[in-house]
Amino acid sequence: MEERYQAHAIEEKWQRIWAQNQAFRVNEDAAKPKYYVLEMFPYPSGRIHMGHVRNYSIGDVVARYKRMRGFNVLHPMGWDAFGLPAENAAIERGVHPEIWTQENILYMKNQLQRMGLSYDWDREIATCEPEYYRWNQWIFLQFFKKTLAYKRSSFVNWCPSCETVLANEQVIDGACWRCDSAVIQKELEQWFFRITDYAEQLLGDLEKLNGWPDKVLTMQRNWIGKSIGAEIDFPLVGCESALRIFTTRPDTIFGATFVSLAVEHPLALKLAQGTPQEKAVEAFIERFKNVSQAKRGAEEGEKEGVFTGAYCRNLFTGENIPIYLANFVLMEYGTGAVMAVPAHDQRDFEFARKYDLPIRVVIQPNDRKLTAETIAEAYVDDGVMVDSGAFSGTPNCPGKDKIATHAEEKGWGKKAIRYRLRDWGVSRQRYWGTPIPIIYCDKCGTVPVPEEQLPVVLPKDVPFTGKGGSPLQESKLFFEVACPKCRGHAHRETDTMDTFVDSSWYFLRYVSARFDKAPFDPEKGRYWMAVDQYIGGVEHAVLHLLYARFFTKALRDLGLAKVDEPFTNLLTQGMVSKETYRCSEHGWLFPTELLGSEKDGWQCPQCRRPVIKGRVEKMSKSKKNIVDPEDLVNLYGADTARLFTLFAAPPEKDLEWSDQGVEGAYRFLTRLWRIVFQNRELWANAAANGEALELPAELRDLRRMIHRTVKKVSDDIENRFHFNTAVAAIMELLNALSAALQGGGRSSAGATVIKQGLETMIVLLTPFVPHVASELWEQTGHHDRLDEVPWPRYSEEAIEEEKLLIVVQVNGKVRGKITVPADATQEHIETVALADPRVQGFLDGKKVQRVVYVPRRLVNIVVEG
RNA sequence: GCGAAAGUGGCGGAAUUGGUAGACGCGCAGGAUUCAGGAUCCUGUGGGGUAACUCCCGUGGGGGUUCGAUUCCCCCCUUUCGCACCA
């Protein structure tokens, strides 16, 4: 090795050593505490991006730290390998999705390995392999048995021109991504998972997740959206049946002056038949039925509706009230019908004003009196029920339950709880996903594929045209099949599963990645689960994390998983962003193509107009502000890439890219290398251990700093994940050691302490920059591998200050600083503080009213005036 | 509109329970070294006043609690994110 820091040679060397020694392979070991750290696995899109580098650097610090702390660490990696881009590549370039995916995996695996990430690669999985997705199918069959998987008709995005189903991300502004035709909603039979069965548990168990960010918990809570209320019947006038509504405000029922229905409501058209309103209702339904809910009220929530011509009875008031269709009522929530209380619901209020419907105040606030004529908006807060028959005078909160109870007693309805959460539609009319293991027989109907016939393997002989329905229909070998029950003519389900299914249990697969009797070995699951630390982007705060929680609970109820929750602690890392440049004429520009200079202003290479330095934005191709990690590693090495992303910001915050910041990280490593390398003789000459030595004051200070750095770095990693401050503390230690080395006149005691400081620093750096740390460890004569060295300990005694710096304030302003022995009494400290000449100047003979003493920190002298 | 988080030097960010605001890094300035450039090392670096010890101001703005507030409370402004008609 040369005296110069050669990142590439070092990194290749250590990656080879780790691979040869299988350094990060783990097995169950009852003797050690286990620790399962997991980063969200990537989609093999082709190349890793900065977000991956950041995510996996954070995870690797945790994994390496815990290993050095004596934990048996499971740190696996795999590939979320099914999905749309592979199929798009097939359609656009004629590459088979499998080839495309496997090539990407190979390339990206190499990129990850060049980062020096400490994965147990023996446990690598790819969800597109039959050995993996057969268990998706197996789980589907268990769900099917328990009716957790069921089929019903539902709407999909449909491009009439391409004649194909579109995924949500293929719909751009309501148009097809390929041909730009308007997308319509088409009804298809689809498979669903009954996640709503678990709504209450998914909500309740959020309480257990103390290690999750509040933000994510709130998002999940809102997504599940529990509402407590009542379902109440409003009998139709001139008809036997009744209209059932759902409300969370039964206390306002005496103010219900009409009822609103969703346009999809089954009775919407029927009610109008034979009335003068029939034509108007038909037109209204026609107008809105193909418009997605998001667009229906796009114009500032403009409320629109139409009278159906029919009436129903409010059983509480005995009145007959009109039934309207309204654009803002959702068929999917509640019953698709709501009682409208204009005085106490803003939407109903606007609707009533627009269509001149009666407004009746039935809740009065305590501090003023509302009248229907004077209110400018709905009153939605609490108060006392008025004009509510026998319930008048009741505070509205208990009133909610009283009304609901009354309705139950009379047989008019029941108490009800509703969730915003919908069942999870898992059918995709796609090729590159897990085939749904179902067979349709002409005689026997829907027949599950027998478990012993799994996996149902994806056929290879499929054309990728981007037209028509699922490509699987085109494979005769796949499609045509004998019924497992009657051997008669049958065909396979051609839908595949949503790729979120794959990622809903992959963390369980890692515990026994090659197990072939079940999705995972329950014994190993018992040892490793739950994931102690999960790390990934906040964009998965709802869907992926909710589905994974659902699967864990469902697999627990099947007797497989033994935990209620999959992820004990969750860290959501911020995104990586960078400044952008744009020209008013030519849009976003790469910084490398700009003309001019930072100082004199940049110019557009095409039109020479001045370029505006845009905002700092998330790195994206379209904004042209991407930095490719591969370039970074080629230029500086993996350790620099890791160090920069860890040092520039704490993990949960956004990280703003800075080329100069990268230079700074690299400079630190070269400096570290140089200082250790140039002082190698320390290891030949210095005594082994400085702890027992009698040291002069300045060396005691240095030793104290070494111990304090160990404490600081340990705390920052362990308790806060604040790697930036941990790295800063190590930098400070290097600065102090460097100063001590330059102090000259090095005594043998000094050499011993400095050597110990440098060694400690190398060990502390291991989780962050494992390659250069390992190499320096070896260069300084160690024969053990650094990743197997235990994490350093600090001693409370060595951290203890000998002298204290006490701040002296006068009336809360710092006026002096005094140094006292650590064991000085309060009395002594106050005396010294008052005697300080600068402090005296501010006291100026004024009367001391009070002296505040904060132990070991400060004295505040309060004087008059 | 509702909900959440945040606002600190030229920049990224420190200050863990109310106790020296600006650690560490970047940038910048000066110096050393060098034929020169680069690299490296040293010193300085919130703003203002001062010959100087020192003093005044300063954590988005305004008020409050406190001996003492970046930190706690109230009001306002800005930014980011999430949900957006869920009855």
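Lettering of chains follows the sequences in order, A, B, ..., and the numbering in each one begins at 1. Computed from a prediction, not measured in an experiment: that's the story for all the values here.
- Heavy atoms of Val338(A) sit under 4.0 angstrom from at least one base atom.
- Of the candidates rG82(B), rC85(B), rA84(B), rA84(B) carries the atom nearest the Arg420(A) side chain, counting heavy atoms from C-beta on.
- Both distances falling under 3.5 Å, in either a Watson-Crick or a G-U wobble arrangement, occur for no nucleotide opposite rG22(B).
- Each of rC41(B), rG19(B), rC86(B) was ranked by its minimum atom distance to the side chain of Arg422(A); first place goes to rC86(B).
- Within the nucleic acid shown, Ser658(A) has no heavy atom closer than 4.0 Å to any nucleic acid atom.
- Contact check, Arg615(A) against rU79(B): no side-chain N or O comes under 4.0 Å of OP1 or OP2.
- The listed nucleotides are rC67(B), rC85(B), rU20(B); the one nearest the side chain of Lys303(A) is rC85(B).
- Within the structure, a side-chain polar atom (N or O) of Tyr333(A) is placed less than 4.0 Å from OP1 or OP2 of rA87(B).
- Checking rA29(B) for Watson-Crick or G-U wobble geometry (two distances, each under 3.5 Å) identifies rU43(B) as its partner.
- Taking atom P in both rG49(B) and rC57(B), the straight-line distance is 16 Å, to the nearest Å.
- Within the nucleic acid shown, Arg850(A) comes within 4.0 Å of at least one base atom, counting heavy atoms only.
- Between Phe258(A) and Tyr355(A), the ring center distance fails the sub-6.0 Å criterion.
- In this structure, rU34(B) forms no base pair with any nucleotide, since neither Watson-Crick nor G-U wobble geometry is met with both distances under 3.5 Å.
- The OH atom of Tyr419(A) sits 17 Å away from the C1' atom of rA87(B) (whole-angstrom rounding).
- The phosphate of rC83(B) (OP1 or OP2) has no side-chain N or O of Arg221(A) nearer than 4.0 angstrom.
- Atom-to-atom, CD1 of Ile675(A) to P of rU40(B) comes out at 12 Å; the value is rounded to the nearest Å.
- Counting distance only, with no hydrogens placed and no angle test, the side-chain atoms of Lys653(A) and the base atoms of rU80(B) include no donor-acceptor pair under 3.5 Å.
- rU59(B) and rG22(B) have their P atoms separated by 14 Å, with the value rounded to a whole Å.
- Counting any heavy atom pair closer than 4.0 Å across all strands shown, Lys712(A) reaches a base atom.
- Judged by Watson-Crick or G-U wobble contacts below 3.5 Å, the nucleotide rU17(B) has no partner.
- Nearest to the side chain of Trp223(A), among rU79(B), rG68(B), rA84(B), sits rA84(B).
- To the nearest whole angstrom, the two C1' atoms, one in rC86(B) and one in rA5(B), are 25 Å apart.
- Remark: Lys415(A) engages Asp401(A) in a salt bridge, criterion side-chain N to carboxylate O under 4.0 Å.
- Residue Leu805(A) is classed as a base contact, given a heavy-atom separation below 4.0 Å to a base.
- Nearest to the side chain of Ser227(A), among rG25(B), rC86(B), rA14(B), sits rC86(B).
- Across all strands shown, rU66(B) has no partner, as no Watson-Crick or G-U wobble contact with both distances under 3.5 Å is found.
- Nearest nucleotide to the Met731(A) side chain, out of rA14(B), rC24(B), rC86(B): rC24(B).
- The nucleotide rU59(B) finds no pairing partner, because no Watson-Crick or G-U wobble arrangement with both distances shorter than 3.5 Å includes it.
- Nearest nucleotide to the side chain of Gln742(A), out of rG13(B), rC55(B), rC41(B): rC41(B).
- Checking rU71(B) for Watson-Crick or G-U wobble geometry (two distances, each under 3.5 Å) identifies no partner in any strand.
- Its glycosidic angle being within 90° of 0, rG9(B) falls on the syn side.
- When both distances must be under 3.5 Å, the Watson-Crick or G-U wobble mate of rU80(B) is rA4(B).
- Distance from the side chain of Glu732(A) is smallest to rA23(B) among rA23(B), rC86(B), rG82(B).
- Residues Trp673(A) and Leu669(A) are not in side-chain contact: their nearest non-hydrogen atoms beyond the backbone lie 4.5 Å or more apart.
- We find the CZ-CE distance between Phe254(A) and Met385(A) to be 6.5 Å, quoted to the nearest 0.5 Å.
- Among the nucleotides rU16(B), rC86(B), rC85(B), the one closest to any side-chain atom of Arg720(A) is rU16(B).
- Atom P of nucleotide rC24(B) and atom CE of Met761(A) are separated by 16 Å, given to the nearest angstrom.
- Each of rC41(B), rG27(B), rC85(B) was ranked by its minimum atom distance to the side chain of Arg667(A); first place goes to rG27(B).
- Using a 4.0 Å heavy-atom distance criterion, Phe351(A) is classed as making no nucleic acid contact.
- Within 4.0 Å (heavy atoms only), Val852(A) reaches at least one base atom of the nucleic acid.
- Ring planes of Phe284(A) and Phe288(A): tilted class, angle from 30 to 60°.
- Taking atom P in both rU71(B) and rG63(B), the straight-line distance is 14 Å, to the nearest Å.
- The C1' atoms of rG13(B) and rG30(B) are separated by 26 Å, rounded to the nearest whole Å.
- Contacts of Asp715(A) with the nucleic acid, taken as non-hydrogen atoms under 4.0 Å apart, are absent.
- To the nearest whole angstrom, the two C1' atoms, one in rU40(B) and one in rU33(B), are 8 Å apart.
- Here Asn860(A) lies in heavy-atom contact (under 4.0 Å) with a base.
- Using a 4.0 Å heavy-atom cutoff across all strands shown, Arg418(A) reaches no nucleic acid atom at all.
- Residue contacts for Arg856(A): at a heavy-atom cut-off of 4.0 Å it reaches no nucleic acid atom on any strand shown.
- Side-chain contact, Tyr794(A) with Ser714(A): no donor N or O sits under 3.5 Å from an acceptor N or O.
- A cation-pi contact, defined as under 6.0 Å to the ring centre and within 45° of the axis, links Arg420(A) to Trp223(A).
- At least one side-chain nitrogen or oxygen of Asn724(A) sits closer than 4.0 Å to the OP1 or OP2 atom of rA14(B).
- Geometrically, Arg680(A) engages Phe677(A) in a cation-pi contact, judged by NZ or CZ lying under 6.0 Å from the ring centre and within 45° of the ring axis.
- Counting non-hydrogen atoms under 4.0 angstrom, Asn735(A) reaches the backbone sugars and phosphates but no base.
- Comparing rU43(B) with rU70(B), their C1' atoms are spaced 30 Å from each other, to the whole Å.
- Protein atom CZ of Phe668(A) is 9 Å distant from nucleotide atom P of rG25(B), rounded to whole Å.
- Taking the six-membered ring where tryptophan is involved, the planes of Trp657(A) and Phe644(A) are perpendicular, since the angle between them exceeds 60° and thus also 30°.
- Straight-line distance between the P atoms of rU79(B) and rC26(B): roughly 33 Å, to the nearest whole Å.
- Comparing Gln809(A) and Arg838(A) by the nucleotide of RNA chain B whose heavy atom lies nearest to each, the residue mapping closer to the 5' end is Gln809(A).
- With RNA chain B read from its 5' end, the first of the two nearest nucleotides for Lys813(A) and Gly664(A) is the one closest to Gly664(A).
- Spacing between atom CG of Asn327(A) and atom C1' of rA87(B) amounts to 14 Å, rounded to whole angstrom units.
- For the side-chain contact (heavy atoms from CB on, under 4.5 Å) with Met339(A), the lone residue among Leu243(A), Thr257(A), Thr252(A) that qualifies is Thr252(A).
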